[in-house]
Amino acid sequence: MPELPEVETVANGVHERVHGQRIRSVWTSGKPQTFKTPEPDLVEALTGATIARVRRIGKTIALDLTRRGKHTAQFLVHLGMTGRLLVSAAEVPLPPHTHAVLALADGRELRFVDARRFGRLSLATDYQGPGREPTTISPEDFAVLFKGRKLAIKAALLNQSLLHGIGNIYADESLFRASIRPTRQAGKLTRAELLALHSALQSVLRHAIQLGGSSVSDYVDADGVRGFFQLEHKVYSRAGQPCLSCATTLKKLTVGGRTTVYCPHCQR
DNA sequence: CTGACATCCTGACGGC
DNA sequence: TGCCGTCAGGATGTCA
């Protein structure tokens with residue numbers, strides 16, 4: 001499931017491969033729920049436009065489109081759970097569950113493939129994302145986000161309108177590294193705990209970006225290459241196994257509607 | 001407004 | 001071996 005580090009890896013990889021390319025033609029699958037913007041509008045905005053830049057905003061990949069050097073629109077790609085954005089030679093057969101193909105001027109194709117169809121394609125003009133950027137937010141601004149909140153800190157970390165980009169893996173991993181139990185009320189964390197969480201979150205995200213993200217489920221980068229951060233997971237998907245720092249059996253429960261794994265000894 | 005919960009969708013996996 | 005039930009989860013919409 002692509003979260004911030006995975007989406008950043010894909011966005012950077014796609015940027016390197018396709019920036020400056022003109023879009024010659026566009027094909028879409030007609031699966032309605034994939035398209036938040038009606039397909040004809042999307043096709044019209046994309047056809048003939050140049051991809052000036054590709055970057056990550058929250059968990060969304062934004063492609064800045066220009067015509068004759070002028071910004072015209074943004075093409076937004078949300079990978080959902082199983083979405084892939086691949087740059088391929090036109091000769092490579094289309095994978096199953098392909099929902100959009102952008103034929104580029106040099107003959108290659110930018111393809112959106114999504115088996116489970118939680119991904120979404122849309123248009124925007126100046127997309128800012130739903131929340132604050134976790135990799136650069138200051139400790140002070142970070143602490144303010146949780147003030148007075150009654151929900152569990154894990155659920156707060158998953159709320160994209162507070163911080164955008166964090167999903168189940170990095171919520172669990174940062175809480176473990178900050179020694180905070182996922183069920184704690186967000187508004188009741190001490191100043192020291194919030195600082196520890198801010199620091200743990202930023203370092204875990206940085207580390208994961210360096211390793212190309214976590215490959216679980218079918219995440220791959222723009223070249224179809226897997227990341228390596230899954231080898232660094234301390235708690236995610238490790239329920240029933242020993243804690244890597246104290247050997248206590250890791251516990252599993254549901255928080256914020258998501259499977260959550262934590263160490264009952266290390267996380268208080 | 002805040003928070004809890006169901007819903008979408010299909011591949012992977014475990015059990016029998 | 002093969003079938004079937006269960007699980008996974010980001011965003012959105014509904015409801016209290």
Side-chain angles (χ1 to χ4, degrees), chain A residues 1-11 29-37 56-62 76-85 95-100 112-124 127-134 144-175 182-189 205 208 213-220 224 226-227 229-230 233 235-241 250-262:
Chain A
M1 40 245 61
E3 304 179 26
L4 187 155
E6 294 78 32
V7 177
E8 178 137 338
T9 302
V10 172
S29 67
K31 293 282 185 206
Q33 61 274 56
T34 299
F35 300 90
K36 257 164 75 178
T37 296
R56 174 192 64 79
I57 303 172
K59 286 180 198 170
T60 297
I61 300 167
L76 302 183
V77 178
H78 195 295
L79 300 175
M81 277 191 67
T82 53
R84 302 180 182 199
L85 196 57
H97 309 294
T98 299
H99 296 294
F112 177 68
V113 180
D114 184 18
R116 209 164 289 179
R117 278 194 267 148
F118 275 30
R120 295 290 179 266
L121 304 179
S122 62
L123 286 178
Y127 183 68
Q128 300 288 329
R132 303 291 304 271
E133 170 55 38
V144 167
L145 292 177
F146 305 107
K147 224 173 174 175
R149 301 237 163 222
K150 296 203 159 140
L151 79 176
I153 184 61
K154 160 92 184 255
L157 287 174
L158 294 175
N159 183 341
Q160 302 297 299
S161 60
L162 298 176
L163 293 164
H164 58 208
I166 302 165
N168 209 27
I169 295 173
Y170 298 99
D172 276 10
E173 293 297 319
S174 60
L175 285 166
T183 48
R184 291 274 303 282
Q185 251 186 44
K188 288 193 175 168
L189 294 182
L205 291 173
S214 302
S215 281
V216 295
S217 182
D218 33 8
Y219 164 74
V220 288
R226 292 166 61 84
F229 192 73
Q230 66 279 9
H233 293 172
V235 285
Y236 179 81
S237 195
R238 294 196 62 246
Q241 297 178 47
L250 297 178
K251 272 181 92 167
K252 174 160 107 170
L253 63 155
T254 300
V255 181
R258 291 285 165 269
T259 298
T260 300
V261 182
Y262 72 101

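In this text the structure is predicted, and so the values were computed from the model without any measurement. Proteins get letters first, then strands, A, B, ... in listed order; numbering begins at 1 in each.
Closest to the side chain of A:Q33, out of C:dG9, B:dC9, B:dG11, is B:dC9. Closest to the side chain of A:K59, out of B:dG11, C:dA8, C:dG10, is C:dG10. When distances run from any side-chain atom of A:H78 to the nucleotides C:dG9, C:dA11, B:dC9, the shortest one goes to C:dA11.
Using a 4.0 Å heavy-atom distance criterion, A:K36 is classed as a sugar-phosphate-only contact. A:K154 comes within 4.0 angstrom of no nucleic acid atom, judged by non-hydrogen atoms across all strands.
In this structure, the side chain of A:R84 does not engage the main chain of A:L79 through any donor-acceptor pair within 3.5 Å.
A:L162 has its CG atom 15 Å from the C1' atom of C:dG10, to the nearest Å. Distance, A:R84 CZ to B:dC9 P: 20 Å, rounded to whole Å. Rounded to an integer number of Å, the gap from A:L79 CG to C:dG9 C1' is 14 Å.
Below the 3.5 angstrom threshold, one finds no donor paired with an acceptor across the side chain of A:R258 and the base of C:dA8.
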Using the rule given for salt bridge (charged side-chain N to carboxylate O under 4.0 Å, His left out), can you reason through A:R56 versus A:E133, listing the C-alpha separation, both sets of side-chain angles and the distance that settles it, and then say yes or no? CA-CA 10 Å; A:R56 174 192 64 79; A:E133 170 55 38; 2.8 Å; yes

So which protein N/O to nucleotides 1-5 of chain B N/O distances come out below 3.5 Å?
residue : atom : partner : partner atom : Å
B:dG3   : OP1  : A:K150  : N            : 2.9
B:dG3   : OP2  : A:R149  : NH1          : 2.7

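Axis deviation across the helix from B:dT2-C:dA16 to B:dC16-C:dG2 amounts to 50°, comparing end segments of five pairs, rounded to 10 degrees.
Applying the salt bridge (Lys or Arg N to Asp or Glu O under 4.0 Å) test to A:K154 and every residue at least two apart in sequence or in another chain returns A:D172.
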